[in-house]
Engineer: 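Dropping the structure in here first, questions after.
Everything numeric here is computed off the predicted structure, so don't read it as measured data.
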Amino acid sequence: MNQDMNLKMNLQLFADSGDSSSDFLKNNKVTTALYRKLLAHAVGETGTISKITKMAFGDQGETDEQNNPAPPTETGDLNHVVLTKTLDSITFPSDNAVTFQATVNAGEVTSGINEIALIDEAGETAAKIRLLTSKGVDAETSLVFKWTLEF
């Protein structure tokens, strides 16, 4: 494989496609209770909230009693963080959406990524998602993760 090959993961909190993977992502994401509280206070009181600056990647996402992928908890960090990356970019694809992008470079992670979190500048976990399947990064392949929030 070519070392410059990038695989792209589009992770949308509010998926608009009707396919099963979009339904899975829609149902297996959560904005943390802490961040929902911070959003409420920002809108109604403080007028500010810490911006999202990083994306964290983990390899021990939630599972149900049959060991199938399950939605993440609404509190706390990822179960097992294997890498935290500063965002590559933040874009605004529409008036009510923001997209965060981070790249996991070839060789940075040796385990399969199956949980991802958005981290704010205060180090708090803002949102988490559990992937349907683990995404592998090897010595030749990088992964580009895009996460779009719509309001």
Engineer: Run the side-chain contact (heavy atoms from CB on, under 4.5 Å) test against Asn68 and tell me which residues pass, sequence neighbours left out.
Structural biologist: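 Scan of Asn68 (side-chain contact (heavy atoms from CB on, under 4.5 Å), adjacent residues dropped) gives Asp64, Gln66.
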Engineer: Side-chain contact, heavy-atom cut-off 4.5 Å: Leu131 with Ile116?
Structural biologist: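 Heavy-atom side-chain distance check passes, below 4.5 Å.
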Engineer: With ring pair (Phe, Tyr, Trp, His ring centres under 6.0 Å) as the rule and sequence neighbours excluded, what pairs involving residues 91-135 come up?
Structural biologist: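 Pairs touching residues 91-135 that pass the test: none.
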Engineer: Of all heavy-atom pairs between Leu132 and Pro69, which one has the smallest distance, and what is that distance?
Structural biologist: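 Heavy atoms of Leu132 and Pro69 come nearest at O-CG, 3.4 Å.
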Engineer: Where do Ile90 and Ile52 land on the side chain to side chain contact (heavy atoms under 4.5 Å, CB included) test, with the steps shown first?
Structural biologist: CA-CA 9 Å; Ile90 300 171; Ile52 304 296; 5.8 Å; no
Engineer: Any side chain to side chain donor-acceptor pair (under 3.5 Å) involving residues 71-81? Give me the pairs, sequence neighbours left out, ordered by first then second residue.
Structural biologist: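 For residues 71-81, and leaving out neighbouring residues, the side chain to side chain donor-acceptor pair (under 3.5 Å) pairs sorted by first residue read Arg36-Glu74, Asp59-His80, Glu62-Asn79, Thr73-Lys128, Asp77-Thr125.
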Engineer: According to the side chain to side chain donor-acceptor pair (under 3.5 Å) rule, which pairs have a member within residues 44-54, sequence neighbours left out?
Structural biologist: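 Checked against side chain to side chain donor-acceptor pair (under 3.5 Å) - neighbours excluded - the pairs reaching residues 44-54 are His41-Glu45.
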Engineer: Mind checking salt bridge (charged side-chain N to carboxylate O under 4.0 Å, His left out) for Glu108 and listing every partner two or more places apart, or none if nothing turns up?
Structural biologist: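 Listed in chain order: Lys85.
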Engineer: Show the nearest heavy-atom pair for residues Glu150 and Ala97, with the distance to one decimal.
Structural biologist: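 Heavy atoms only, the tightest pair is CG-CB, 3.9 Å.
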Engineer: Restricting to non-hydrogen atoms, name the atom on Thr99 and the atom on Pro93 that form the minimum distance, rounded to 0.1 Å.
Structural biologist: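 Closest approach of Thr99 to Pro93, heavy atoms only: OG1-CG, 3.5 Å.
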Engineer: Over all heavy atoms of both residues, which pair between Leu143 and Lys135 is shortest? Give the atoms and the distance, please.
Structural biologist: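 Residues Leu143 and Lys135, closest heavy atoms: CD1-CB, 3.7 Å.
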Engineer: Between Met55 and Leu118, is a side chain to side chain contact (heavy atoms under 4.5 Å, CB included) present by the stated rule, with each step listed?
Structural biologist: CA-CA 5 Å; Met55 201 177 284; Leu118 295 177; 4.0 Å; yes
Engineer: Could you list the residues that satisfy side-chain contact (heavy atoms from CB on, under 4.5 Å) with Asp95, not counting sequence neighbours?
Structural biologist: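 Applying side-chain contact (heavy atoms from CB on, under 4.5 Å) to Asp95 gives none.
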